[in-house]
Peer 1: 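So that we are looking at the same thing, I have put the structure below in structure tokens.
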Number of protein chains: 2
Amino acid sequence: MQIDPSNTSDLSAQIAKSIRDAIVAGTLPVGERLPSESELAEQFAVSRPTVREALKRLAAQALIRTQRGATGGAFVNRLTYPEAHAQQITTATLLLSMNDVSFVTACEARYALERACAPLAAQRRTDAQLVTMQAEIVRQRDPDLTDEAFCASDITFHRALVDAAHNPVLSYQLAGAVEAMQPLMNMITYPARSRARIVALHRAITAALTARDAAGCDAGLAALAIYTEELADTVFAARAAQDR
Amino acid sequence: MQIDPSNTSDLSAQIAKSIRDAIVAGTLPVGERLPSESELAEQFAVSRPTVREALKRLAAQALIRTQRGATGGAFVNRLTYPEAHAQQITTATLLLSMNDVSFVTACEARYALERACAPLAAQRRTDAQLVTMQAEIVRQRDPDLTDEAFCASDITFHRALVDAAHNPVLSYQLAGAVEAMQPLMNMITYPARSRARIVALHRAITAALTARDAAGCDAGLAALAIYTEELADTVFAARAAQDR
DNA sequence: CCAAGTCATATGTCAGACGTTTAATTGTCT
DNA sequence: AGACAATTAAACGTCTGACATATGACTTGG
């Protein structure tokens with residue numbers, strides 16, 4: 001492994017890229033121990049702090065993990081679903097919050113993705129998912145529930161719906177997207193949301209899933225999407241009136 | 001901004017988390033310049049290399065960008081779609097390659113996601129997307145095309161399909177997933193794939209999109225999904241026979 | 001008033017050192 | 001001989017101080 005010595009700056013980025021490429025290409029398999037920091041420094045002909053900066057970059061992406069001690073070092077990390085999921089959420093959250101993504105765009109994407117797994121969920125849902133969803137519905141009917149708790153329950157409900165598809169890749173993709181969008185959606189729909197209506201739709205979706213009714217599940221999600229957009233319209237109209 | 005001084009290790013991770021939280025919370029808005037490395041070192045009561053490691057972690061996630069020179073420093077970066085997209089691809093690629101994701105699982109997720117945007121694509125596709133898709137079909141009919149080039153063309157085709165939904169959030173989510181899964185799919189379907197059949201399905205999908213026929217588009221994608229699974233069965237059967 | 005040179009600032013990099021963690025090795029005692 | 005305790009070595013985590021380099025701002029001369 002060597003880097004371009006002519007490029008005078010950002011050595012740590014070059015080294016990080018070099019190692020990352022080796023990992024992606026499979027040259028460094030999962031669990032493999034990288035050379036020690038001193039050895040890497042010698043190989044790349046840079047100082048140890050520079051190597052360390054490169055390793056920190058990789059650690060931030062969960063590509064490696066480090067261990068101290070005699071048999072310590074940097075090891076190629078197996079990227080787990082929870083880790084990838086966490087990265088997905090932060091990235092998506094920042095993307096949404098920093099780019100003035102309109103509410104309709106986010107909402108549309110969220111429900112399009114969620115409806116994508118409705119057929120699979122209807123086919124494969126287990127009792128565990130149904131129990132989770134029903135429990136969340138019970139919680140959501142409690143009038144004393146704070147708005148924050150209602151949101152959290154909503155996320156759990158939809159997470160169970162996604163998990164019912166029993167496809168980890170879909171779960172990873174969708175749950176990340178849904179969770180990242182939820183704060184945005186809540187922020188906007190808080191003032192106008194009618195819990196009763198939402199709970200009714202949640203019940204309808206759960207019932208469809210119980211009956212393994214893919215079309216019904218899809219219809220429920222579609223209705224939820226429409227209702228959410230209505231809410232957004234109401235909120236935006238109210239804001240416009242207030243600004244006047 | 002302060003950190004827990006009792007925790008004796010992983011100071012750079014703590015500092016990175018602290019700054020990341022400030023960015024996510026909006027305390028540090030986009031474009032804002034962070035204090036200089038020396039100032040941060042003083043604030044957190046650590047040395048400059050430690051601060052630098054923390055900053056490199058954030059840079060690896062595209063949360064900040066650094067500039068050298070007199071008015072330089074670390075600035076909160078606006079996360080753009082291309083950046084998020086690139087991160088998405090590396091994460092998803094590693095997740096798939098490191099976790100023995102079965103082909104059917106990946107394939108199922110990929111087509112479920114792609115079908116999610118079929119209705120929107122049928123409704124909103126512009127001539128530009130149709131032109132792109134038709135051009136790729138022409139290229140794919142060239143018998144001299146290498147397997148690699150055929151793959152690349154396939155990605156471009158499906159990317160145009162996704163972009164036709166005209167929802168940047170969907171594009172970011174889906175294109176990342178599709179691109180990450182493509183190598184896996186190609187690796188498995190290479191030996192058995194019939195280009196003529198694939199091109200025929202691509203033509204059907206493009207025709208449906210031209211006619212703004214959402215159901216037809218969905219059907220075409222469904223057929224492509226089924227065909228891909230058939231291919232996988234063939235390949236796995238052949239491998240099993242070879243192993244005997 | 002403009003242009004060229006100088007300066008200050010901040011990042012990028014290096015060298016060397018010390019502390020801490022951890023496991024393997026060694027040594028001693030039962 | 002075997003088990004437990006002390007030593008040792010390897011590696012990461014952090015610090016100090018320094019120098020190199022890029023770049024905008026200031027100063028100065030025409």
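Convention: sequence-line order gives letters A, B, ...; per-chain numbering from 1.
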Peer 1: dT14(D) P sits how many Å from Ile15(B) CD1, rounded?
Peer 2: 8 Å

Peer 1: Taking only residues two or more places apart in sequence, or in another chain, which ones meet Glu114(A) in a side-chain hydrogen bond (donor to acceptor under 3.5 Å, both in side chains)?
Peer 2: Arg110(A), His158(A)

Peer 1: Could I get a table of every N or O pair under 3.5 Å where one atom is in the protein and the other is in nucleotides 2-6 of chain C?
Peer 2:
none

Peer 1: Would you list the pairs meeting salt bridge (Lys or Arg N to Asp or Glu O under 4.0 Å) in which at least one residue belongs to residues 18-27 of chain B, sequence neighbours left out?
Peer 2: Lys17(B)-Asp21(B)

Peer 1: I'd like to check the side-chain hydrogen bond (donor to acceptor under 3.5 Å, both in side chains) partners of Thr71(A); sequence neighbours left out, ordered by chain and number.
Peer 2: none

Peer 1: Given atom CD of Gln14(A) and atom C1' of dG12(C), what is their separation to the nearest angstrom?
Peer 2: 12 Å

Peer 1: What is the distance from CG of Asp10(B) to P of dA11(D), rounded to the nearest Å?
Peer 2: 19 Å

Peer 1: Once ring pair (Phe, Tyr, Trp, His ring centres under 6.0 Å) is applied, what residue pairs with a partner in residues 74-94 of chain B remain, sequence neighbours excluded?
Peer 2: none

Peer 1: Within less than 4.0 Å of OP1 or OP2 of dG12(C), is there a side-chain N or O belonging to Thr66(B)?
Peer 2: yes

Peer 1: Near DNA chain C, counting only heavy atoms under 4.0 Å, which residues of residues 48-56 of chain A show up?
Peer 2: Arg48(A), Thr50(A)

Peer 1: Run the side-chain hydrogen bond (donor to acceptor under 3.5 Å, both in side chains) test against Glu229(A) and tell me which residues pass, sequence neighbours left out.
Peer 2: none

Peer 1: Got a sec, which residues hit side-chain hydrogen bond (donor to acceptor under 3.5 Å, both in side chains) with Thr132(B), two or more places apart in sequence or on another chain?
Peer 2: none

Peer 1: Walk me through it: do Arg139(A) and Gln134(A) pass the test side chain to side chain contact (heavy atoms under 4.5 Å, CB included)?
Peer 2: CA-CA 9 Å; Arg139(A) 180 177 299 169; Gln134(A) 277 154 355; over 6 Å; no

Peer 1: Quickly work out the Leu58(A) CG to dC12(D) P distance and round it to whole Å.
Peer 2: 14 Å

Peer 1: Find the distance Gln67(A):CD to dT20(C):P and express it as a whole number of Å.
Peer 2: 20 Å

Peer 1: Between dC14(C), dA10(C), dG12(C), which one does the side chain of Val46(A) approach most closely?
Peer 2: dC14(C)

Peer 1: Going by ring pair (Phe, Tyr, Trp, His ring centres under 6.0 Å), name the residues that satisfy it together with Tyr111(A), two or more places apart in sequence or in a different chain.
Peer 2: none

Peer 1: Between N or O atoms, less than 3.5 Å apart, protein on one side and nucleotides 23-25 of chain D on the other: list the pairs.
Peer 2:
residue	atom	partner	partner atom	Å
dT23(D)	O2	Ala70(B)	N	3.0

Peer 1: Less than 4.5 Å apart, side chain to side chain, heavy atoms only: is that true for Thr91(A) and Tyr172(B)?
Peer 2: yes

Peer 1: Please enumerate all residues that pass ring pair (Phe, Tyr, Trp, His ring centres under 6.0 Å) together with Phe157(B), with sequence neighbours excluded.
Peer 2: His202(B)

Peer 1: Filter on salt bridge (Lys or Arg N to Asp or Glu O under 4.0 Å), then keep only pairs touching residues 155-176 of chain B, sequence neighbours left out; what's left?
Peer 2: Arg159(B)-Asp163(B)

